[in-house]
Q: 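To start, I am sharing the structure in question, which I have written as structure tokens.
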Amino acid sequence: KEDERQAIVRIVAILAEKGKLTKEDVRTGLQDAIEFIDSFILDSPRAYEYLGDMLGEMLKLKAIDVAWLCKETEKTKVDQNSEAPIRLTRATISALKADA
């Protein structure tokens with residue numbers, strides 16, 4: 001499964017690099033995953049890490065930017081104590097560091 005997940009990230013990255021996916025396509029595709037990340041945790045305990053990998057890759061390609069990511073992660077706050085924005089940001093930074 002890990003190889004398949006990494007392949008999907010790479011395929012999306014290649015499509016974005018080649019212009020087959022626009023910035024808007026990438027952003028639209030990621031919005032729901034970001035907004036509803038807490039519901040994915042139930043089925044996939046590593047969902048933050050997985051989404052962080054994709055977000056890190058898209059940041060490197062400039063398909064998304066930090067301002068957009070911050071705006072979208074704020075949507076995850078279903079209550080005041082939600083840690084989703086912090087966890088998602090940390091996962092994204094970890095993915096960026098791993099590739100450095």
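Heavy atoms only: backbone and side chains are in, while hydrogens, waters and symmetry mates are out.
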Q: Would you find a donor on one side and an acceptor on the other, under 3.5 Å apart, between the side chain of T89 and the backbone of P85?
A: yes

Q: From S44 OG over to R5 CZ, what is the distance, rounded to the nearest 0.5 angstrom?
A: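 Taking OG in S44 and CZ in R5, the distance rounds to 9.0 Å.
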
Q: Does the salt bridge (Lys or Arg N to Asp or Glu O under 4.0 Å) test come out yes or no for R27 and D65, once each step is laid out?
A: CA-CA 10 Å; R27 291 173 182 201; D65 56 39; 3.5 Å; yes

Q: Can you see whether D25 engages T28 through a side-chain donor-acceptor pair at a distance of less than 3.5 angstrom?
A: no

Q: If you define the side chain from C-beta out and look only at heavy atoms, does anything of V26 sit under 4.5 Å from L15?
A: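 Counting from C-beta outward, V26 and L15 never come under 4.5 Å.
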
Q: Can you confirm whether D32 sits close enough to F40 that some side-chain heavy atom of one is under 4.5 Å from a side-chain heavy atom of the other?
A: no

Q: List the steps, then state whether salt bridge (Lys or Arg N to Asp or Glu O under 4.0 Å) holds for E57 with K60.
A: CA-CA 5 Å; E57 190 67 28; K60 286 190 298 185; 3.2 Å; yes

Q: Grab the two heavy atoms, one from G52 and one from L88, that are nearest each other, plus how far apart they are.
A: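 Looks like N-CD1, 4.4 Å.
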
Q: Using every non-hydrogen atom in the two residues, find where A95 and D53 come nearest and quote the distance to one decimal.
A: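 That would be CB-OD1, 3.4 Å.
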
Q: So which atom in L59 and which in V66 form the shortest heavy-atom distance, rounded to 0.1 Å?
A: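 Of all heavy-atom pairs spanning L59 and V66, the closest is CD2-N, 3.9 Å.
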
Q: Would the distance check show the side chain of T76 and the main-chain N or O of T73 forming a donor-acceptor pair, the cut-off being under 3.5 Å?
A: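 Judged by distance alone, yes, a pair lies under 3.5 Å.
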
Q: Between E74 and K77, does the salt bridge (Lys or Arg N to Asp or Glu O under 4.0 Å) criterion hold? Intermediate values first, please.
A: CA-CA 6 Å; E74 283 300 306; K77 285 188 172 180; 3.5 Å; yes

Q: Could you please spell out the steps behind the salt bridge (Lys or Arg N to Asp or Glu O under 4.0 Å) verdict for R10 and E17?
A: CA-CA 10 Å; R10 193 67 212 129; E17 286 174 325; 3.3 Å; yes

Q: Which value, rounded to the nearest 0.5 Å, describes the distance between R46 atom CZ and I41 atom CD1?
A: 11.0 Å

Q: How long is the span from the NZ atom in K20 to the CD1 atom in I14, to the nearest 0.5 Å?
A: 13.0 Å

Q: Compute whether any side-chain donor of one residue and acceptor of the other, for Y48 and D38, lie under 3.5 angstrom apart.
A: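 A donor-acceptor contact under 3.5 Å links the two side chains.
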
Q: Measuring from atom NZ of K1 to atom OH of Y50, what distance do you get when rounded to the nearest 0.5 angstrom?
A: 9.5 Å

Q: Does the side chain of I34 reach to within under 4.5 Å of the side chain of L69, using non-hydrogen atoms?
A: yes

Q: If I take atom CD1 from residue I64 and atom CG from residue L30, how far apart are they, to the nearest 0.5 angstrom?
A: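 With rounding to 0.5 Å, CD1 (I64) is 6.0 Å from CG (L30).
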
Q: Determine whether the side chains of E35 and Q31 contain a donor N or O and an acceptor N or O closer than 3.5 Å.
A: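 No pair is found: no donor N or O on one side chain lies under 3.5 Å from an acceptor on the other.
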
Q: When you look at CD of E83, are more than 12 heavy atoms from neighbouring residues, nucleotides or ligands closer to it than 6.0 Å?
A: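 No, CD of E83 has 12 or fewer neighbouring heavy atoms, counting only those of other groups under 6.0 Å.
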
Q: With the side chain counted from C-beta on, respond yes when L61 and M58 share a heavy-atom pair under 4.5 Å apart, and no when they do not.
A: yes

